[in-house]
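Okay, structure first, notes after.
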Protein chains: 2
Amino acid sequence: MKQSTEFSTLQEQVTATIREAIFKQVFKPGERLIQDELASKLGVSRMPIREALRCLEREGLVEFLPHKGAQVIGITKEDIEELYYLRSLLEGVTVQKSMYFLTETERTQLEKIVEKMDMDIADRNVDSYVKHNQDFHILLQHGCSWKKVKMLTSQFTEGYPVYVPSMLPKTMTISNMEHKAMLKALDEKDPIKLRQIVEHHIIRTGNLLAQLFE
Amino acid sequence: MKQSTEFSTLQEQVTATIREAIFKQVFKPGERLIQDELASKLGVSRMPIREALRCLEREGLVEFLPHKGAQVIGITKEDIEELYYLRSLLEGVTVQKSMYFLTETERTQLEKIVEKMDMDIADRNVDSYVKHNQDFHILLQHGCSWKKVKMLTSQFTEGYPVYVPSMLPKTMTISNMEHKAMLKALDEKDPIKLRQIVEHHIIRTGNLLAQLFE
DNA sequence: AGGACAAAAATTGGATACAATTCAGAAAAA
DNA sequence: TTTTTCTGAATTGTATCCAATTTTTGTCCT
């Protein structure tokens, strides 16, 4: 496996590689991941493979069975519903706690991102929109000092294919309207309202994804 | 390291051992966990140690820094507050989803556990109470088909010292009264009410623990 | 045929030894 | 005193081996 400057340890590269393979259905749900196979296929030894599988287990992408090794988890419609419901709960409380500690700089930056997303919609640039959308959500949570909940949220967003081909132009418009509603709640210094909008925003996205899932 | 029938792999034993050592402050917050040291101390090789540390990382007890290894995470008062708030959210939604799928057998079993806890209170048997309390909470969640949220909840309860010397007799009495209120909500088939009671129950416990924490 | 059961192969869990890499601090040079 | 270099400790990764367990295969019996 070639060295890259992006990851500081081989294990991280291996993790990223296997994760992508799972997303791209190279490894199908239920399939067993044989350590020796992966090791020789990626040209590394079994040690980084095993650590990588442990990391993927934490992300919920694989499952370890004692003496049987790692298996790819299948994602069902119910999993999507659960995932987005949990994300709405977690991200909701995060932004509520974050609000009061957001600086004025961050406020104006959030507005800029929303404007950029409006441009992305006009340009039909889905990739750029998704990227800006992530930036927006992360920045909105920046004021929250709780670490565990932020870690969980980021795991949920990283650990699953956010970039499914679902972000249609119409969806993006509604989505960005909700982003603007969040900024309004921020102006009004109403953390409960902010939380509710965020919760609804995420659940709505989840339902959309779940619908698409069959 | 002696073999035990409780764990099917050595890695699980090692995980449990290190976890307990962290709880008992044998390894203090911020302390680096040197793999070779642990390996020779426990009489095992590095491989199960590293996997164990990955598991503990997932539980939030240690932190990995690239090329620096694992460090014990320090637990602050704010961490306790966060932990129990999140647990209340997660366990709340779990029991709400669980309720309708609980069998009559499980209902009566829950009642029995509550009775046992009443006896534990009378006997001043804290250890037995804590055990029964865990059983109660797990059983109450049994009907929920969502897996991830249950995994998270169990991680939160396992990953932190539930058995701190805080379960005083008076606390236990209040706690078990709330358990009875949960059964009542179950009788009334009111999932929202059940959820609220559970949420309040956990947050109250968390506040108690947080108070004790300095 | 078709199922139960035992042998064989594959795979994981784990041990050991060794090489490579990184990081931090001490020592040496400017 | 400041900068550079060296060095040692620790992590990270490789290669190889072994035991225990699971899965597969193949055979035997009804």
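Below, chain A is the first sequence line, B the second, and so on; all start at residue 1.
A straight line from CG of A:L38 to P of D:dT14 spans 14 Å, rounded to a whole angstrom. Atom CD in B:Q71 sits roughly 14 Å away from atom C1' in C:dC23 (whole-Å rounding).
Legend: residues meeting ring-ring contact (aromatic ring centres under 6.0 Å, His included) with B:H201, ordered by chain and number and at least two apart, are B:H137, B:H179. Residues forming a side chain to side chain contact (heavy atoms under 4.5 Å, CB included) with A:Q71 (at least two apart in sequence, or on another chain): A:R32, A:L65.
Of all non-hydrogen atoms in A:S8 and B:P66, the two that sit nearest each other are OG-CB, 3.2 Å.
With rounding to the nearest 0.5 Å, the separation of CZ in A:F27 from CD in A:E37 is 8.0 Å.
Using modelled atom types and a 3.5 Å distance limit, the side chains of B:R54 and A:Q11 yield a donor-acceptor pair.
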Inset, instruction - Any chance you could list the contact pattern along nucleotides 10-16 of chain C? Use B for base contacts, S for sugar-phosphate-only contacts and - for none, protein heavy atoms under 4.0 Å, 5' to 3'. - result: -SBBBBB
